[in-house]
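All values below come from the heavy atoms of this structure, side chains included, with hydrogens, waters and symmetry mates left out.
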Amino acid sequence: MPILQAPNQPILEAAVLLGVEIVDDSGPEVKCICPVHGDTNPSLNINRELGLWVCFGCYGRPGRPAGGGLVELAMAVLDVDYLDAVGWL
């Protein structure tokens, strides 16, 4: 059974379900701890208005997206390909 019930669920809610720890939720740019690379400082930013994310700690890691939308976030955190990420959503 998919964890996310609707494909248009906000990216921030999906990030929490994926295990992303929110550090600062005070503005449109939400600062988070990235679960992909054992972050200790917030390097993952989620723009709630645009529905996009970027992780500055994930740049340069081959085979994993370092930013994008909801599907790319699921791909990075779950370490799956596009079709599996869509299936999870």
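From L44, atom CG reaches atom SG of C32 across 5.0 Å, with rounding to the nearest 0.5 Å. The structure places CG of L70 at 11.0 Å from CG of L12, a figure rounded to the nearest 0.5 Å. Atom-to-atom distance recorded for W53:CH2 and N47:CG is 13.5 Å, nearest 0.5 angstrom. Here K31 contributes atom NZ and N41 contributes atom CG; the two are 12.5 Å apart, rounded to the nearest 0.5 Å. One finds the NE2 atom of H37 at 11.0 Å from the CZ atom of F56 (value rounded to the nearest 0.5 Å). With values rounded to the nearest 0.5 angstrom, I22 atom CD1 is found 11.0 Å from I33 atom CD1.
The two residues S43 and C34 have their closest heavy-atom pair at OG-CB, 4.3 Å.
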Review point. Which is it for L52 and I11 under the side chain to side chain contact (heavy atoms under 4.5 Å, CB included) test, yes or no, and what are the steps along the way?
Key: CA-CA 7 Å; L52 299 174; I11 192 168; 5.8 Å; no
Exercise for review: Could you give me the CA-CA distance, side-chain angles and deciding distance for V86 and L83, then say whether side chain to side chain contact (heavy atoms under 4.5 Å, CB included) is met?
Suggested key: CA-CA 5 Å; V86 170; L83 291 177; 5.6 Å; no
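Note on V36: it clusters hydrophobically with V16, by side-chain heavy-atom contacts below 4.5 Å among ILVMFWY residues. The hydrophobic clustering, which links ILVMFWY residues whose side-chain heavy atoms are closer than 4.5 Å, places V77 and W88 together. Both V20 and V80 belong to a single network of hydrophobic side chains, linked directly or stepwise wherever heavy atoms of I, L, V, M, F, W or Y lie under 4.5 Å apart.
Using a 4.5 Å heavy-atom threshold, the side chains of L78 and D84 count as separate.
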